[in-house]
Amino acid sequence: MTLDAAIAAVLVDWGTSRLRLWAIGTDGATIDAIRSAEGMGATEPRAFEGILEHHLAELGARADVPVIMCGMVGSRQGWQEAPYVAVPARLDTIIARAVRVSDTPRDVRILPGIADRSADAPDVMRSEETQLLGLSRLAGPTADGLVCMPGTHAKWVRLDDGARTVAAFATALTGDLFAALSTASVLRHSIADGAGTDGDAFDAAVAASLAEPATTLMRLFAIRSRGLLAGQDAAHALGTLSGTIIGHDIAGALARFGTPSRLTLVGGGTLGTLYERALRVAGIAATTIDGEELACEGLLAAARQIWPDRLPAAPAAAMAH
């Protein structure tokens, strides 16, 4: 691409397994975007700047175009650590605590994550705080309350103060548990590659986890027993495994935060659809918003606050509060 003076800033979500960049114009609109598999987990610390500059050249970003980043790039193992903000954390504080990357001529900032430093329930997040910042801008006070963020490490977040403050959050090892059980446990023999998900089995497993969370481990082993003794097929096994884990995740969140009548679900794709279905089984209505859209909106809000001369404030009608 030819160098484009219209690019006001570049937004970057640099996670463990993927890298996403958005070139933004002075009006806040996306000019171009790049998605890459060059996640932080496969990147040597000395390679971050080279990878970033390679993609900025592809976008046509001049040397004076600033960059705002979020995600694991700001972890201790990333490019440069952006120390956590402690809960309760106002989302505007995330912007104020952005760290400027040293030893690079370009103005590159990294947003910090959020930490719960309590002795009984320590927890951390990186990148989800930026999605929550985007949610506060797009949905405003209507997002106040419980937010469900499915993923490899699912997050449950309570937003207060008109969705301006992360009051508390909890992480569940949901995705990691599913991957481990489906590929490295005895249950792998019950689940065939490419098997669909039996919806009825999924619903029943969710209901069982909500009703009897204490028997989850026993019900997980029963997936194997049912295949051996009753001929349970792979789709039924997969639906039962998914429903058992997701239902248990929801049961844990409700035990921690209480049972809301509605919540915000940050997701999309197959996993988001499964959580929507599971929440219906639990009797909870969900408003679903795409996570990538929220990450982009959160990074844009940060860029506007850090570089107001390059990105004027959003029109009043676009601001949620």
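Because the structure is a prediction, the values reported are computed rather than measured.
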Non-hydrogen atoms of Thr174 and Tyr275 that approach each other most closely
CG2-OH, 3.4 Å
Heavy-atom nearest pair, Phe257 first then Ala168, reads CE2-CB, 4.0 Å
Residues Phe169, Val147; criterion side-chain contact (heavy atoms from CB on, under 4.5 Å); working and verdict:
CA-CA 9 Å; Phe169 70 97; Val147 180; over 6 Å; no
Short side-chain to backbone donor-acceptor contact, Arg304 and Pro312, under 3.5 Å:
yes
Kindly say whether Thr171 contributes a backbone atom to a donor-acceptor pair with the side chain of Asp123 at under 3.5 angstrom?
yes
Would the number of heavy atoms belonging to other residues, nucleotides or ligands and lying under 6.0 Å from CZ of Arg18 be above 12?
no
Would you call Leu254 and Ile284 a side-chain contact if the rule is heavy atoms closer than 4.5 Å?
yes
Tell me whether Trp14 contacts the main-chain N or O of Glu38 through its side chain, where contact means a donor paired with an acceptor under 3.5 Å.
yes
Would Arg219 and Glu212 pass as an ion pair if we require N to O under 4.0 Å?
no
I'd like to know whether Thr130 forms a side-chain contact (heavy atoms from CB on, under 4.5 Å) with Asp13, so could you lay out the CA-CA distance, the side-chain angles of the two residues, the decisive distance to 0.1 Å, and finally the verdict.
CA-CA 9 Å; Thr130 305; Asp13 183 353; over 6 Å; no
Would you kindly confirm whether Ile34 and Val73 end up in one hydrophobic cluster when ILVMFWY residues are joined by side chain heavy atoms under 4.5 Å apart?
yes
Between Ile68 and Ala303, which heavy-atom pair has the shortest distance, and what is it?
CG2-CB, 4.1 Å
CZ (Arg277) and CD1 (Ile246) are apart, to the nearest 0.5 Å, by 11.0 Å
Could you tell me if Ser185 and Arg224 have a donor-acceptor pair between their side chains, going purely by distance under 3.5 Å?
no
I need the minimum non-hydrogen distance between Ala61 and Arg106, along with the two atoms involved.
O-NH2, 4.0 Å
Please check if Val166 and Val124 belong to a single hydrophobic cluster, counting links between Ile, Leu, Val, Met, Phe, Trp and Tyr side chain heavy atoms closer than 4.5 Å.
no
Do Val12 and Leu299 have side chains that approach each other closer than 4.5 Å (heavy atoms only, starting at C-beta)?
no
Could you check if a side-chain atom of Arg90 sits within less than 4.5 angstrom of a side-chain atom of Asp161, using non-hydrogen atoms only?
yes
Answer yes if Met125 and Leu173 sit in the same cluster of Ile, Leu, Val, Met, Phe, Trp and Tyr residues linked by side chain heavy atoms under 4.5 Å apart, and no otherwise.
no
All heavy atoms of Arg188 vs all of Thr183, minimum pair found to be CD-O, 3.4 Å
Kindly say whether Val101 contributes a backbone atom to a donor-acceptor pair with the side chain of Gln80 at under 3.5 angstrom?
no
Residues Arg97 and Thr93: side-chain donor-acceptor under 3.5 angstrom
no
Give a yes or no on whether a salt bridge exists between Arg164 and Asp92, defined as a side-chain N under 4.0 angstrom from a carboxylate O.
no
Ring geometry between Trp79 and Phe48 (parallel below 30°, tilted from 30 to 60°, perpendicular above 60°)
parallel
Closest non-hydrogen atom pair, Asp160 against Ala167
OD2-CB, 3.2 Å
From the list Val67, Ile31, Asp32, side chain to side chain contact (heavy atoms under 4.5 Å, CB included) partner of Val10 resolves to Val67
Gln131 vs Leu135 side-chain heavy atoms within contact, under 4.5 Å
no
For residues 234-243, which side-chain N or O atoms pair as donor and acceptor with protein atoms under 3.5 Å away, sequence neighbours left out?
{"unit_1": "His236", "atom_1": "ND1", "unit_2": "Gln232", "atom_2": "OE1", "d": "2.7"}
{"unit_1": "His236", "atom_1": "ND1", "unit_2": "Thr240", "atom_2": "OG1", "d": "3.4"}
{"unit_1": "Thr240", "atom_1": "OG1", "unit_2": "His236", "atom_2": "O", "d": "2.8"}
{"unit_1": "Ser242", "atom_1": "OG", "unit_2": "Leu238", "atom_2": "O", "d": "3.2"}

Same apolar cluster: Met149 and Tyr84, side chain cutoff 4.5 Å:
no
Is the shortest side-chain heavy-atom distance between Leu56 and Val65 below 4.5 Å?
no
Nearest 0.5 Å please: distance from the CG atom of Leu177 over to the CD1 atom of Ile245.
4.0 Å
Interatomic spacing from CG in Asp249 to CG in Leu210 - rounded to 0.5 Å
10.5 Å
Interatomic distance, Asp144 atom CG to Arg158 atom CZ [nearest 0.5 angstrom]
10.0 Å
Just by distance, do the side chain of Ser209 and the backbone of Thr244 share a donor-acceptor pair under 3.5 Å?
yes
How about CG on Leu217, more than 12 heavy atoms from neighbouring residues, nucleotides or ligands closer than 6.0 Å, or not?
no
Considering only heavy atoms from C-beta outward, does the side chain of Leu146 approach that of Arg256 to under 4.5 Å?
no
Quick one: does Ile289's side chain get under 4.5 Å of Leu294's, heavy atoms only?
yes
Does CG belonging to Asp103 count more than 12 external heavy atoms closer than 6.0 Å?
no
Distance check, rounded to the nearest 0.5 Å: Glu129 atom CD versus Cys70 atom SG?
6.5 Å
Single-linkage hydrophobic cluster, 4.5 Å side-chain cutoff, Leu111 and Val87 together:
yes
Do Asp107 and Arg100 pass the side-chain contact (heavy atoms from CB on, under 4.5 Å) test, and can you show the C-alpha distance, the side-chain angles, and the key distance before you say yes or no?
CA-CA 7 Å; Asp107 189 351; Arg100 182 163 183 173; 3.4 Å; yes
Working to the nearest 0.5 Å, report the span between CZ of Arg126 and OG of Ser75.
6.0 Å
One pair to check against side-chain contact (heavy atoms from CB on, under 4.5 Å): Leu52 and Leu21. What are the steps and the verdict?
CA-CA 9 Å; Leu52 176 64; Leu21 303 91; 4.0 Å; yes
Could you tell me if the side chain of Thr152 sits less than 4.5 Å from the side chain of Thr16, heavy atoms only?
no
